[in-house]
Amino acid sequence: HVPTAHTPEAAPQLPGHELLYSGKVRGLYAPLDPATGQRDQERLLLVASDRISAYDHVLDTPIPDKGSVLTQMSLWWFDQLADLAPHHVISTDVPEQVAGRAVYVRRLRMLPVECVARAFLTGGGLAEYAATGTVSGVPLPEGLVDGSRLPEPVFTPSTKAPMGEHDQPISFAEVEELVGPRLAARVRDLTVAILQRGNEIAADRGILIADTKVEFGIDPAQLGLGDGADEEIDWASVDPDVVDVVLADEVLTPDSSRFWRASEWAPGRTQTSYDKQVLRDWLTSPASGWDKASDTPPPTLPDDVVELTRARYVEAYETLTGRPFTAGTPA
Ligand SMILES: C[C@H](c1ccccc1)n1cc(-c2ncnc(N)c2C#N)cn1
């Protein structure tokens, strides 16, 4: 296997497409009409790079096939969850430069809420619980520790912070102020149901999904808006029993969620990350010569760390889906 790495940067130029948003490891493009050069108002191209982030840094060493593995995994989850929510995927027939790691999606009006649900307590949720006994305003049993399984998944939303900043946790009441009580209840219930279903499926494969972040959008046409319109939306006036609340972005991937090996789960300490532990262990070992508190960029990764990390992504995909990973081609 001679890995080819797609990394010049998270979002390379793409002929016939205009870059709209560049995330840490992903890009969102508008296809251009070849005749007029105008942006297609109904579709977007969501591209995953091979870049990986750790300790709030995007590493300069790519993980070959990471973008493709996570794209294929997300596509598989959209199918597994189709009875819970419609999704935004149109086609995987994408430009050859991004084959296997990009999807054409319906252009939606995205709800201004990061929909996070937690099935196990760790990270920011654990810190909030330690300080208040609650998470996102939801009271939890006493005596929970790092990695404790919650009685049932809890909706712990946050605001969409500007690029590069950390999302801020908000209460359910604040979500109701943002999008109205009806949409707030719907996205809460959907986010919890998605994580619940994800863990039911993953548990059979020896994987625990501690938490996940999903995004929802609504078709502009169902909001009575033209495709290109970007006027303000009165979300509280939207009835989720009338419009389709569409599952967008990526779903239940190791980038949007915490993946743990069930066999390694031990509440009371930091859990090992299914996909990023090899990377984290090397970065925090003397071998890297890096100090994560120094705010200097992490060093280039040695080949073995890259290959072991790639193998973790492929293993997660093949274990979850039961399908062999084939680089560069949609499943
Ligand atoms: C956060 C995410 C993002 C991805 C990649 C790079 C930077 C940001 N994003 C997704 C949309 C979006 N907007 C309209 N319709 C859609 N179907 C989607 C989706 N998915 C806007 N932002």
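Numbering of ligands and ligand atoms starts at 1, following listing order. Just so it is clear, the structure is predicted and the values come from calculations on it, not from any experiment.
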Considering both backbone and side-chain atoms of [X], is one of its nitrogen or oxygen atoms within less than 3.5 Å of a nitrogen or oxygen in ligand 1?
X: L108; value: yes
X: D249; value: yes
X: E215; value: no

### Task
Enter the distance from R188:CZ to S136:OG here, rounded to the nearest 0.5 Å.
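Here the rounded value is 12.0 Å.
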### Query
Once you round to the nearest 0.5 Å, how far does CG of L81 lie from CH2 of W76?
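With rounding to 0.5 Å, CG (L81) is 8.5 Å from CH2 (W76).
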Residue [X] vicinity, atoms of ligand 1 by number, heavy atom under 4.0 Å:
X: V105; result: 17 (N)
X: G23; result: 6 (C), 7 (C)
X: L44; result: 13 (N), 14 (C), 15 (N), 16 (C)
X: R107; result: 15 (N)

### Query
Of all heavy-atom pairs between W77 and L252, which one has the smallest distance, and what is that distance?
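Heavy-atom minimum between the residues: NE1-O, 2.9 Å.
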### Task
Taking all non-hydrogen atoms of both residues into account, name the closest pair between R197 and D83 and its distance.
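Taking R197 first and D83 second, the nearest heavy atoms are NH2-OD2, 2.7 Å.
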Among all protein heavy atoms, pick out the one at the shortest distance from [atom]; state its residue, atom name and that distance to 0.1 Å.
atom: atom 8 (C) of ligand 1; value: Y21 CB, 4.2 Å
atom: atom 18 (C) of ligand 1; value: M110 SD, 3.7 Å
atom: atom 17 (N) of ligand 1; value: R106 O, 2.8 Å
atom: atom 3 (C) of ligand 1; value: R26 NH2, 3.8 Å
atom: atom 22 (N) of ligand 1; value: L28 CD2, 3.9 Å
atom: atom 5 (C) of ligand 1; value: L46 CD1, 3.5 Å

### Query
Any idea how W290 and Y55 line up, ring-wise: parallel (<30°), tilted (30 to 60°), or perpendicular (>60°)?
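Answer is tilted, since the angle falls between 30° and 60°.
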### Task
Check the angle between the aromatic planes of F78 and H87 and answer parallel, tilted or perpendicular using the 30° and 60° thresholds.
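If you compare the ring of F78 with that of H87, the planes turn out tilted.
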### Message
Let's go through D255 and K276 carefully: what are the C-alpha distance in whole Å and the side-chain angles of both, what is the deciding distance for salt bridge (charged side-chain N to carboxylate O under 4.0 Å, His left out) to 0.1 Å, and is it a yes or a no?
### Response
CA-CA 10 Å; D255 271 1; K276 292 192 173 81; 3.2 Å; yes
#### Entry: Audit row: Q41, R39, side-chain contact (heavy atoms from CB on, under 4.5 Å) steps and yes/no
CA-CA 6 Å; Q41 292 297 340; R39 287 183 202 162; 4.1 Å; yes
### Passing candidate, side chain to side chain contact (heavy atoms under 4.5 Å, CB included) with T156, options D211, T191, V138, V116
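Answer after filtering D211, T191, V138, V116: V116.
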